[in-house]
Amino acid sequence: MEVRTRFAPSPTGFMHLGGLRTALYNYLFARKLGGKFILRIEDTDQERFVEGATEVIYDTLRSCGMNWDEGPDVGGPCGPYIQSERKALYLPYAEELVRRGRAYYCFCTKEELDERRKAAEARGEVFKYDKHCLHLSPEEVRRRLDAGEPYVIRQNVPQEGESSYHDLVYGDITMPNDTLDDMVLIKADGMPTYNFANVIDDHLMGITHILRGMEYLSSTPKYNMLYSAFGWEIPQYIHLPTVMRDAKHKLSKRDGDAYYSDFAEKGYLTEALINYLALVGWNPGDDREFFTMQELTEAFDVKGLNKAPGIFDIEKLTWFNAHYIREMPFEDYLAKAAPWFDRVFGDMDRKPDYRRLAELMQGRTEVFSRIPDAVAFLRCRPSFGPELYFNKKMKTSAETAPAALELVIPVLEGIGEWKEDVIHDRVMEAIAAAGMKNGAVLWPMRIALSGLESTPGGAFEIAYLLGREETLLRLRDALETLKKG
Ligand code: GLU
């Protein structure tokens with residue numbers, strides 16, 4: 001039997017990280033077993049239609065390296081793969097269920113339902129549709145349909161007994177039938193609900209394994225009743241734990257940590273995100289942490305899926321990201337970093353040497369969006385207090401610093417070709433000739449140039465990147481400030 005999985009997102013305009021992880025597990029599961037990965041767009045909720053939302057889905061999956069074998073834009077034998085384009089095929093299935101007594105027409109208006117809901121709530125009960133229309137005579141149903149009255153079709157769920165099924169992650173799930181409601185299958189606009197369409201489509205598309213969020217665990221018995229009513233084989237279920245920010249909070253749009261695009265815009269690398277996301281809810285059974293997509297495919301196993309919610313820890317993701325950035329080929333890093341350098345230096349006539357800056361920054365970049373803050377000191381003259389000159393190890397302070405600056409300023413003024421190695425050699429020669437300690441000169445020089453205790457590169461690199469004019473301006477300025485004390 002060929003394994004067939006599907007990712008079935010609703011086009012909301014954004015790719016939630018939980019959804020992306022569901023897509024990933026569907027993809028890995030199918031690839032591992034040599035099966036097919038299918039993309040289906042679930043857009044039966046037309047009120048929520050968002051322009052361009054399907055492109056967001058296609059672009060995100062493709063840039064993450066998850067290519068689908070069948071789907072809206074690539075086609076396939078079970079198309080169309082967009083539910084709204086399949087609209088006409090659902091009603092006959094619902095009518096067949098009506099004939100088999102497993103569904104019925106319902107004419108209750110929204111007002112009537114609201115009233116009954118309120119009454120139930122006043123009695124302290126949870127409102128569940130009361131099967132009111134199940135008891136209409138066939139003649140009355142016919143008359144009202146012929147009169148063109150708006151209707152929905154509801155599933156007729158037995159209220160006695162219980163229903164069970166086996167989930168490959170959560171084990172045996174049993175629900176008393178009286179907790180299940182007569183859900184709407186076909187809405188008044190003729191569109192199927194998600195609850196109905198997912199069953200019809202999963203069957204027609206030959207889906208063998210359903211991997212989806214655990215929020216569907218409790219409605220699955222109702223779906224199974226539909227499969228059974230048609231005499232169809234029930235697929236295997238693999239429900240997935242929720243992706244959370246921490247034990248109590250979901251990822252949220254407001255905190256900017258819920259969507260793939262939030263992370264792509266901040267300059268997280270897709271490879272790092274996918275690698276980390278795979279581990280939020282699944283473990284390979286050993287202590288490996290770094291995986292390419294190919295390695296994930298080989299390692300993926302349903303046995304490694306957790307029941308407990310997966311905590312998406314941004315610090316951990318950042319750690320993965322820094323690793324992937326360090327491992328990037330230098331030219332790729334430079335290409336990705338340059339637009340972030342431009343945010344700081346883009347409008348300058350004399351920009352720092354990006355290539356050199358990139359060499360110094362690659363090992364220090366955790367997330368690309370943090371680059372501008374880290375290099376801003378090269379653009380803006382620093383302001384800082386004299387205490388920064390104090391370094392215990394180097395035995396430097398605001399008192400010892402003027403001698404250092406007085407030593408290096410004339411040396412730098414005398415340099416003809418402003419190259420890093422020339423700057424290095426001249427300054428080191430002067431330090432040796434003056435019989436001073438390296439740190440006693442280089443620490444204050446770096447502080448004067450950057451106003452920072454930790455910088456990409458040291459005093460020579462910074463002087464080179466700043467250029468002669470700016471370097472001398474900063475050093476003279478610093479010396480003057482120190483002398484004023
Ligand atoms: N369209 C549903 C969602 O976005 C899909 C659920 C499923 O995979 O069955 O949650």
Side-chain angles (χ1 to χ4, degrees), residues 3-30 35-50 53-58 60-61 66 68 70-72 78 80-87 90 155 165 167-170 173 183-185 187 191-227 232 234-244 250-251 253 258-261 277 281 302 305 309-310:
V3 163
R4 290 171 65 83
T5 66
R6 90 296 195 273
F7 177 49
S10 302
T12 58
F14 298 95
M15 179 70 79
H16 194 278
L17 290 183
L20 188 61
R21 194 197 57 177
T22 298
L24 176 64
Y25 290 167
N26 272 288
Y27 173 84
L28 296 174
F29 187 81
K36 293 274 184 328
F37 171 57
I38 291 142
L39 175 64
R40 179 172 77 225
I41 303 295
E42 302 209 322
D43 62 344
T44 57
D45 196 348
Q46 294 282 302
E47 280 166 26
R48 289 173 50 198
F49 182 78
V50 181
T54 47
E55 282 69 27
V56 171
I57 295 168
Y58 306 158
T60 307
L61 293 181
M66 290 178 235
W68 48 100
E70 297 171 27
C78 308
Y81 293 87
I82 298 186
Q83 281 182 333
S84 59
E85 293 173 15
R86 301 167 67 79
K87 181 178 174 185
Y90 301 104
Q155 183 177 10
Y165 70 99
D167 182 271
L168 293 180
V169 173
Y170 290 89
I173 305 287
M183 62 184 185
V184 172
L185 304 177
K187 295 184 275 190
M191 274 289 189
T193 54
Y194 160 76
N195 290 322
F196 191 47
N198 89 87
V199 171
I200 304 297
D201 287 347
D202 285 337
H203 172 72
L204 294 179
M205 295 181 180
I207 303 303
T208 57
H209 295 78
I210 296 184
L211 291 88
R212 67 176 163 215
M214 65 165 294
E215 62 273 25
Y216 296 99
L217 261 180
S218 60
S219 27
T220 296
K222 292 187 289 193
Y223 308 149
N224 289 342
M225 288 175 189
L226 296 174
Y227 283 98
W232 294 341
I234 294 174
Q236 296 277 326
Y237 290 107
I238 301 167
H239 284 95
L240 305 168
T242 313
V243 179
M244 306 278 288
K250 292 193 170 176
L251 297 175
K253 184 175 167 175
Y259 301 128
Y260 172 76
S261 51
L277 205 49
V302 171
L305 290 171

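Just follow the structure's listing: the first ligand is 1, and inside any ligand the first atom is 1. If you read the sequence from its start, that first residue is 1, and numbering goes on from there.
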Self-check item: Nitrogen or oxygen atoms of A8 and ligand 1 under 3.5 Å apart
Solution: yes
Quiz prompt | Polar contact flag for Y216 and ligand 1 (N/O pairs, less than 3.5 Å) | solution =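 It does: an N or O of Y216 is found under 3.5 Å from an N or O of ligand 1.
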Quiz prompt | Interatomic distance, N26 atom CG to T5 atom OG1 [nearest 0.5 angstrom] | solution =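 Here the interatomic distance stands at 4.5 Å.
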Practice problem: Return yes when R6 approaches ligand 1 closer than 4.0 angstrom through a heavy atom, no otherwise. | Solution: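 Flag set, R6 near ligand 1.
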Practice problem: Classify the angle between the aromatic ring planes of W68 and Y58 as parallel (below 30°), tilted (30 to 60°) or perpendicular (above 60°). | Solution: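 Geometry flag for Y58 against W68: tilted rings.
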Exercise. In sequence, state the C-alpha distance, the side-chain angles, and the governing distance for R4 and H209, and then conclude on side chain to side chain donor-acceptor pair (under 3.5 Å).
Key: CA-CA 6 Å; R4 290 171 65 83; H209 295 78; over 6 Å; no
Quiz prompt | atom 1 (N) of ligand 1 - nearest protein heavy atom and its distance | solution = E42 OE1, 2.6 Å
Exercise. Please state which part of Y194 comes within less than 4.0 Å of ligand 1, counting heavy atoms only: side chain, backbone, both or neither.
Key: side chain
Quiz item: Is there a donor-acceptor pair under 3.5 Å between the side chain of K222 and the backbone N or O of Q155?
Solution: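 Not confirmed, K222 side chain does not pair with Q155 backbone.
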Quiz prompt | Output field: ring centroids Y165/Y227 closer than 6.0 Å | solution =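 Here the rings of Y227 and Y165 have centres that are no less than 6.0 Å from each other.
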Practice problem: Give the atoms of ligand 1, by number and element, whose distance to some non-hydrogen atom of R212 is under 4.0 Å. | Solution: 7 (C), 8 (O), 9 (O)
